[in-house]
*Asks:* 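Dropping the structure in here first, questions after.
Indexing begins at 1, ligand by ligand and atom by atom, following the structure's order. The basis for the numbers below is simple: all heavy atoms, side chains too, and nothing from hydrogens, waters or symmetry mates.
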Amino acid sequence: MTDDTMPGWTVERLHNGWGQALEESEVLYDNETDHQRLRVFTNPRFGRVLTLDGVVQTTEADNFIYHEMLTHVPILAHGAARRVLIIGGGDGGMAREVLRHHGIAHVTMVEIDAGVVEFSKQYLPMLSAGAFGDPRLTLVIDDGAAFMKTTEDKFDVIIVDSTDPIGPGEVLFTDTFYGHAKRALTPGGILVTQNGVPFMQGDELTNTLRAFKALFSDWGCYLATVPTYAGGPMAFGWGTDGDGRSVDVDTLRQRYTAAGLETDYYTPAVHKGAFALPGYVERLMP
Ligand code: SAM
C-alpha cells in the first residue's frame, strides 16, 4: 500500500518484519473489486506492476521467469499434455505461456475475480499477449476451490497460479483442494502450485507438500528466483503419480526444440537444475 513515510512509493508488507518498496512513477489504476484491491502503477525498473491487496502479483519486467517455470516445466516433463487447467492467473500471463505449446488442445482458466481479467486486458495487455482471444482458452469466473470440487473434466497439467494464502487465495492451499485436484488429473498428470518464497514462507511450502506426500507417488518442489517476489528463490509445488520428473535433459531438449519455444529463463538444463534444493529448503520437506 502507499506509504506515508515514502511518498510516491508503495511498500509491500507481505512478510513480518520485512518490506519491499517500489517507486510509483504513475498510478494507472486503483480500485476495489468484490474480492480484493487492484492497483497498477509504473515503476522505472519493472515497468507496469500489478498488486492485489498491496502484494506484488506480477510485473512487466520479470513475469517471464514465473510464467515460464510454472508452465514449461510440467508441460515438457509430461511430454504429451493436451488439456491444461489454470486456477487463478487473472492477468493472463500463465495462459500466454501455456498456449505457446501447439500440442495443447484446450486450456480452462478459473479466475475468481473478473475485475482482474478485464483490467489486465486494458492495463497489462503485454502479459496476456492475446491469450484471452485464443479459441483454445475457456475462461471461467469462479472460485477455483468450488470448481475443483465439482468438475468432471480431466487435465494433463493443473497449474495453481493464485495469490498467497490470504484472502480469496486461502482455499487453494488446503488438503481438500489438493485432493480434488488430484482427482481431476489424467494418469501421469502433473499438479504444480505457486508456493511462495520458502525463506520467508517456509511453513506454507511444508503444509502444501505434506498434502502432496499423502496424495502423490512423486512430490516435491522446484525453485526459481523472481526479483519482485522478495526474499530469495520462489518454490513451485510438484505432485504427480507419473514419471515426469525423471525425463532426462536430452529428451527435454528435443521436446523444447520441437515446441519451437524461445524463452528468456527456462532452458532444459535449468528445468533439471531447478529441482536441486538447498539445505534450508530440503529441511522444509515433510
Ligand atoms: N504471480 C502471482 C503470485 O505468484 O502471487 C499470482 C498472479 S495472479 C494475478 C493471482 C490470481 O489468483 C488473481 O487474479 C486472483 O484473483 C486469483 N485468485 C485468488 N484466489 C482465487 C480463488 N479462490 N479462485 C480463483 N482465483 C483466485
*Asks:* Where is the nearest protein heavy atom to atom 4 (O) of ligand 1: which residue, which atom, and how far?
*Replies:*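 Protein heavy atom with the smallest distance to atom 4 (O) of ligand 1: Gln194 CG, 3.2 Å.
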*Asks:* In terms of the angle between their ring planes, are Phe155 and Phe147 parallel, tilted or perpendicular, with boundaries placed at 30° and 60°?
*Replies:* tilted
*Asks:* Below 4.0 angstrom from a heavy atom of Val171, which ligand 1 atoms are there? Numbered from 1 as shown, please.
*Replies:*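 Ligand 1 atoms under the 4.0 Å threshold to Val171: 23 (N).
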*Asks:* Within ligand 1, which atoms have a heavy atom of Tyr229 less than 4.0 Å away?
*Replies:*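 Once the distances to Tyr229 are compared, the set is 1 (N), 2 (C), 3 (C), 4 (O).
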*Asks:* May I ask you to test the Val107-Asp134 pair for a side-chain heavy-atom distance under 4.5 Å?
*Replies:* no
*Asks:* Considering only heavy atoms from C-beta outward, does the side chain of Arg13 approach that of Trp18 to under 4.5 Å?
*Replies:* no
*Asks:* Considering both backbone and side-chain atoms of Gln57, is one of its nitrogen or oxygen atoms within less than 3.5 Å of a nitrogen or oxygen in ligand 1?
*Replies:*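 Min N/O separation from ligand 1 is below 3.5 Å for Gln57.
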*Asks:* Short N/O distance, under 3.5 Å, between Pro168 and ligand 1?
*Replies:*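 N/O-N/O distance below 3.5 Å exists for this pair.
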*Asks:* Test your reading of the structure: does Met234 have an N or O sitting under 3.5 Å from an N or O of ligand 1?
*Replies:* no
*Asks:* Can you name the atoms of ligand 1, numbered from 1 with element, that are less than 4.0 Å from a heavy atom of Asp142?
*Replies:* 24 (N), 25 (C)
*Asks:* Could you tell me the residue and atom name of the protein heavy atom closest to atom 19 (C) of ligand 1, and the distance to it rounded to 0.1 Å?
*Replies:*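 Answer for atom 19 (C) of ligand 1: Thr163 OG1, 3.3 Å.
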*Asks:* Any side-chain heavy atom of Leu85 sitting closer than 4.5 Å to one from Ile87?
*Replies:*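 Yes, side chains in contact.
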*Asks:* Please determine, by modelled atom types, if Ser246 and Asp243 share a side-chain donor-acceptor pair under 3.5 angstrom.
*Replies:* no
*Asks:* How far is atom 18 (N) of ligand 1 from its nearest protein heavy atom, and which residue and atom is that?
*Replies:*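 Heavy-atom neighbour on the protein nearest atom 18 (N) of ligand 1: Ile112 CG2, 3.8 Å.
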*Asks:* Counting each atom of ligand 1 from 1 as listed, which ones have a heavy atom of Gly90 under 4.0 Å away?
*Replies:* 14 (O)
*Asks:* Any side-chain donor-acceptor pair under 3.5 Å between Asp62 and Thr59?
*Replies:*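 Note: Asp62 and Thr59 side chains meet the donor-acceptor criterion.
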*Asks:* Among protein heavy atoms, which lies nearest atom 17 (C) of ligand 1, and at what distance?
*Replies:*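 Ranking protein heavy atoms by distance from atom 17 (C) of ligand 1, first comes Glu111 OE1, 3.4 Å.
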*Asks:* For Asp30 and Arg37: C-alpha separation, side-chain torsions, deciding distance, then whether salt bridge (charged side-chain N to carboxylate O under 4.0 Å, His left out) applies.
*Replies:* CA-CA 7 Å; Asp30 185 354; Arg37 181 164 179 197; 2.6 Å; yes
*Asks:* State, yes or no, whether a side-chain contact exists between Asn195 and Phe236 at a heavy-atom distance under 4.5 Å.
*Replies:* no
*Asks:* Can you sort out which atoms of ligand 1 are near Asp91, meaning under 4.0 Å from one of its heavy atoms?
*Replies:*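 Every atom of ligand 1 under 4.0 Å from some heavy atom of Asp91: 7 (C), 8 (S), 9 (C).
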*Asks:* Going by the order shown, which atoms of ligand 1 are within less than 4.0 Å of some heavy atom of Asp143?
*Replies:*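 Matching atoms, with element in brackets: 22 (C), 23 (N), 24 (N).
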*Asks:* At a non-hydrogen distance cut-off of under 4.0 Å, which region of Asp161 contacts ligand 1 (side chain, backbone, both, or neither)?
*Replies:*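 Contact part for Asp161 vs ligand 1: both backbone and side chain.
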*Asks:* Suppose we measure from atom 24 (N) of ligand 1 to each protein heavy atom; which comes out shortest, and what is that distance?
*Replies:*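 Its nearest protein heavy-atom neighbour is Gly144 N, 2.8 Å.
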*Asks:* Any salt bridge linking Asp241 with Lys182? Criterion: basic side-chain nitrogen under 4.0 Å from a carboxylate oxygen.
*Replies:* yes
*Asks:* At a 4.0 Å threshold, what atoms of ligand 1 neighbour a non-hydrogen atom of Val110?
*Replies:* 25 (C), 26 (N)
*Asks:* In the protein, which heavy atom is nearest to atom 22 (C) of ligand 1, and how far is it?
*Replies:*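 Checked against all protein heavy atoms, atom 22 (C) of ligand 1 sits closest to Leu172 CD1, 3.6 Å.
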*Asks:* Are Met94 and Met109 side-chain neighbours, meaning at least one heavy-atom pair lies under 4.5 Å?
*Replies:* no
*Asks:* Kindly assign one of parallel, tilted or perpendicular to the pair His271 and Tyr266, based on the angle between their ring planes and the thresholds 30° and 60°.
*Replies:*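 Perpendicular: the ring planes of His271 and Tyr266 meet at over 60°.
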*Asks:* Assess Ser162 for proximity to ligand 1: is some non-hydrogen atom of it under 4.0 Å away?
*Replies:* yes
*Asks:* Would you check whether Thr58 has a nitrogen or oxygen atom less than 3.5 angstrom from a nitrogen or oxygen atom of ligand 1?
*Replies:* no
*Asks:* Quick check: Gln36 and ligand 1, any N/O pair under 3.5 Å apart?
*Replies:*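 In this structure, Gln36 places an N or O atom under 3.5 Å from an N or O of ligand 1.
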*Asks:* Looking at Asp113, which atoms of ligand 1 are within less than 4.0 Å of one of its heavy atoms?
*Replies:* 16 (O)
*Asks:* State plainly whether the residues Arg83 and Asp156 are in salt-bridge range, i.e. N to O under 4.0 Å.
*Replies:* no
*Asks:* Would a 4.5 Å heavy-atom cut-off, applied to side chains only, mark Cys221 and Phe275 as touching?
*Replies:* no
